[in-house]
Amino acid sequence: MSSSTPQLLAGLNPQQLAAVTLPPQHALILAGAGSGKTRVLTTRIAWLISTTQVSPHSVLAVTFTNKAAKEMLTRLSAMLPINTRGMWIGTFHGLCNRLLRAHHKEAGLPQLFQILDQADQLSAIKRLLKSLDVDDEKFPPRELQHFINAQKEQGTRAGAVEAWDDFSRKRVELYEAYERQCQREGVVDFAELLLRSFELLERNEILCRHYQQRFRHILVDEFQDTNKLQYRWLKLLAGGGACLFAVGDDDQSIYGFRGAEVGNMRDLEREFKVANVIRLEQNYRSHGNILDAANAIIKNNASRLGKNLWTDAGSGEPIRVFEAINDLEEARWLVEEIRSLTREGHSRSEIALLYRSNAQSRVLEHALFNAGLPYRVYGGLRFFERQEIKHALAYLRLIANPDDDTAFARVVNFPTRGIGARSLEQLADLAQAQGSSLHAAIGQLSGKAQVALAAFAQLIARMKEGSAGLPLPEVVDHVLALSGLIEHYRNEKEGQDRLANLDELINAAASFVSEEWQRETIEANAAEQSDLAAFLAHAALEAGEHQAGDSDEAIQLMTVHSAKGLEFNVVFLSGLEEGLFPHENSLLEEKGLEEERRLMYVAVTRARQQLYLSFAETRMLHGQTRYNLVSRFLDEIPKDLLKWLTPKLRNAYGAEAQTKSAPAQTAPPLRQAKSVQRESPGGLQIGQNVRHAKFGVGVIINAEGSGTDARVQINFGHAGMKWLALSIAKLTPA
DNA sequence: TGGGAGTGCTTTTTT
DNA sequence: AGCACTCCCA
């Protein structure tokens, strides 16, 4: 045992210590929110290397996000005086990319294969449908994309999909055609990175054995987020006797909608014969009240592995609850509350404003902006997803591989160079007929189209020649200049930001080259490929920050999903309303409500010291006023943990009848939907709470007809949305 | 080619 | 409401 070991293990609690120092065997660590999960994972690696003669070379650590991978690497190099170079630490996609680059021949890929991000994939699918003359009403590109990805994530190739009717047969045909198109163009989508490297190992016994023997320890972060294919990938790699060390929290599985299988945790336990699951239940993050609330909420889920967080911190402040008349009032209140918090000395960046869906951010932003409070929104367009950056990257991709039709189609006429839709159609037909790329078909064109397109081909050739031997940033610079993008945006009215971003791309290339140490580990084998190819892969695999360079002292706005893994001193959770959170769409799905509840659990456990919950009776959504009941999740929190800032339960969920308190402020007049009476027949009002013998309490949200035809639509929360005829249903004001 | 009008969709999202 | 997308005309 090395002398640094005691230091390494200092301060770990007994469960953490047990996890870190587990003898070589498969392990499942059930790590609750704020229980020191990342610390355990990194310390485990450090401990393995420093005490058991495990070489860094034989460690494989997988995460889901680049951020997590970097974090792990940073902590590790602080703990160990070793070179992290030879280690395989990265995201599933990053590592698969690395694997495929190293063995591109065996995987049947060109050395410089390009990676399609979500948007690229969609446009490739659109192009495919067009070339095959498929009605995109019958096969919406987005649905097809989802179908293809879902199949790949199950590890299912087109040939293996079962199809019984014409529609599904056609869909499978398109999946197959898509695979062929990608193969011809030398491009690979995200799911393909996984599937292709899985197949590579599965089919190539020598290679498989090589990696199985190399990696003696495989560690997985956020295991509850793995999908079927990732599980099989891990199982294959661990098949040679490696130890699988998986860390996860079933209660924080919130990505079921994109293929994550919480069931993988149980499967792991069973298939890998995990002797005893270690639970990390001591929470170092939140005060007691917050934790109690989180535990109370998650207890309502039936399918759990079971876990109860505790803390030895005090119970802290109560959870404050605010009921607003509408979303505007909610936002106004938030601003005021944030103001007084900052006056008390809270740092703005330690205050987070969370919401279920992005559409909710607008009102909040508006209020913050008007109040002059700096804020930062996560989500939305990332750096490498911006139009101008994607254009620039497309040129770079064409240098690396002129057969990349996605890139070709993107910039062949941007900036415009007189290549119209007609010419491109001709070209596409030719390419389709001879099964070649667009670029390769240019030679066979004739007439006017030929001239313009040949000039474009020449431009690409010139870019390639001109950048030969140059360092990467200069390559980017050179290509930008020749492409005409700079000029184009200079002439555009609103082009200033875009120009700045293009400049930033050169900087990004420069820092990419200089950050070699990370690249070696996280991205790919830099020695085996050009800087350009590595940079392009980097751009696809890591879309970059959402916003560059904003002030750090800003309120943090984000969806609950993107808050996972983060923590803040103060958390505001807004829009706690039935239909919004839990989201109405989730109620249609089996297990949907449980996932929503886990989402709620994640939201609550982000807070260290203070948690605020708010909801509004009325909210503008999609241009219409909606009347909502308070979220059932609020009801699941023990009353004694809550402190109401407004008269309690004006708008009760399944409520005991309340004295209807006069609105604190004058409510804006209820906006009426087109052709719907404000005053519904029978003296009931839209927005009014009513009670029904069977469905309980609900809010009238719509009305139509008159006399015996009169009907009202009521949101009953639990019991759902109902249209009831007034002549039949007995409704009493609640 | 580019802009203006008309249409339709709208949960969550990393890679 | 707001945004992305398509279509059609100057």
Side-chain angles (χ1 to χ4, degrees), chain A residues 62-69 90-97 115-123 126 136-137 140-143 146 149 152-153 188-195 221-222 225-227 229-230 253-260 327 354-363 366 378-382 384-385 387 413-423 492-493 522-523 537-544 546 558-565 575 579-589 592 595-596 598-600 602-603 619-626 671:
Chain A
V62 202
T63 64
F64 275 85
T65 67
N66 291 297
K67 207 171 148 198
T91 63
F92 276 103
H93 294 85
L95 295 171
C96 287
N97 176 49
I115 299 166
L116 301 184
D117 67 14
Q118 203 100 276
D120 294 332
Q121 185 188 31
L122 187 62
S123 61
K126 283 180 183 167
D136 59 3
E137 304 246 302
R142 273 181 193 288
E143 266 172 37
H146 183 255
N149 289 339
K152 288 190 182 185
E153 278 160 14
V188 158
D189 59 48
F190 285 140
E192 184 74 22
L193 283 172
L194 260 309
L195 183 50
D221 191 15
E222 306 272 19
D225 286 337
T226 51
N227 62 34
L229 180 56
Q230 286 159 338
S253 157
I254 54 174
Y255 287 108
F257 70 94
R258 63 170 201 223
D327 46 352
L354 309 183
Y355 34 81
R356 171 69 238 271
S357 60
N358 282 308
Q360 290 166 249
S361 78
R362 182 158 314 159
V363 188
H366 190 78
Y378 289 78
L381 212 51
R382 320 254 292 318
F384 285 109
E385 291 166 359
Q387 180 207 133
N413 199 34
F414 194 97
T416 52
R417 36 179 81 88
I419 300 172
R422 270 190 331 279
S423 313
E492 204 178 70
K493 277 186 294 246
I522 291 182
E523 311 254 343
H538 166 81
L541 289 174
E542 187 174 359
H546 288 291
M558 66 194 85
T559 63
V560 180
H561 279 93
S562 30
K564 192 173 97 167
L580 212 63
F581 197 4
H583 196 278
E584 53 202 0
N585 294 358
S586 73
L587 303 178
L588 306 172
E589 298 153 27
E595 181 148 320
E596 292 288 303
R598 290 193 292 267
L599 202 48
M600 179 72 186
V602 168
R619 179 179 298 277
M620 276 293 256
L621 199 67
H622 309 320
Q624 280 205 315
T625 307
R626 297 174 36 129
R671 197 91 56 82

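Keep in mind that this is a model prediction, so the values were computed, not measured. First the proteins, then the strands, lettered A, B, ... as listed; each starts at 1.
Whole-Å rounding puts the A/His366 NE2 to C/dG2 P distance at 10 Å. When the P atom of C/dA4 is taken as reference, atom CZ of A/Arg142 falls 11 Å away, rounded to whole Å. When the C1' atom of C/dC3 is taken as reference, atom CG of A/Leu381 falls 13 Å away, rounded to whole Å. In this structure, A/Asp136 atom CG and C/dC7 atom C1' are separated by 13 Å, rounded to whole Å. One interatomic measurement links the two molecules: CE of A/Met558 to C1' of B/dT14, which rounds to 16 Å at whole-angstrom precision. The CG atom of A/Leu229 sits 13 Å away from the C1' atom of B/dT15 (whole-angstrom rounding). Spacing between atom CD of A/Gln230 and atom C1' of B/dT15 amounts to 9 Å, rounded to whole angstrom units. Atom CG in A/Leu193 sits roughly 17 Å away from atom P in B/dT14 (whole-Å rounding).
In this structure, A/Leu116 reaches neither bases nor backbone, as no heavy-atom distance under 4.0 Å exists between it and the strands shown. Residue contacts for A/Asn413: at a heavy-atom cut-off of 4.0 Å it reaches the sugar-phosphate backbone alone, with no base atom in range.
Classification of the A/His561-A/Tyr255 ring pair by plane angle, with boundaries at 30° and 60°, yields tilted.
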Inset, instruction - Mark up nucleotides 6-13 of chain B, 5' to 3', with B wherever a protein heavy atom is under 4.0 angstrom from a base atom, S wherever such an atom reaches only the sugar-phosphate, and - elsewhere. - result: ----BBBB
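By the side-chain contact (heavy atoms from CB on, under 4.5 Å) test, A/Asn358 pairs with A/Tyr355, A/Thr559, sequence neighbours left out. Not counting sequence neighbours, A/Glu153 has no partner by the salt bridge (Lys or Arg N to Asp or Glu O under 4.0 Å) test.
Considering only side-chain N and O atoms, A/Asn66 lies under 4.0 angstrom from the phosphate OP1 or OP2 of B/dT15.
Remark: the separation of the C1' atoms in B/dT14 and C/dC3 is 23 Å, to the nearest Å.
The distance from the CZ atom of A/Arg258 to the NE2 atom of A/His146 is 11.5 Å, given to the nearest 0.5 Å.
Considering only side-chain atoms of A/Arg362, the nucleotide from C/dC3, C/dC5, B/dT15 that sits closest is C/dC3.
With salt bridges taken as basic N to acidic carboxylate O contacts below 4.0 Å, none links A/Arg382 and A/Asp117.
In summary, the side chains of A/Ser357 and A/Gln360 do present a donor paired with an acceptor at a separation below 3.5 Å, with no hydrogens or angles considered.
Of all the heavy atoms in A/Leu541 and A/Asn66, the pair that sits closest is O-ND2, 3.1 Å.
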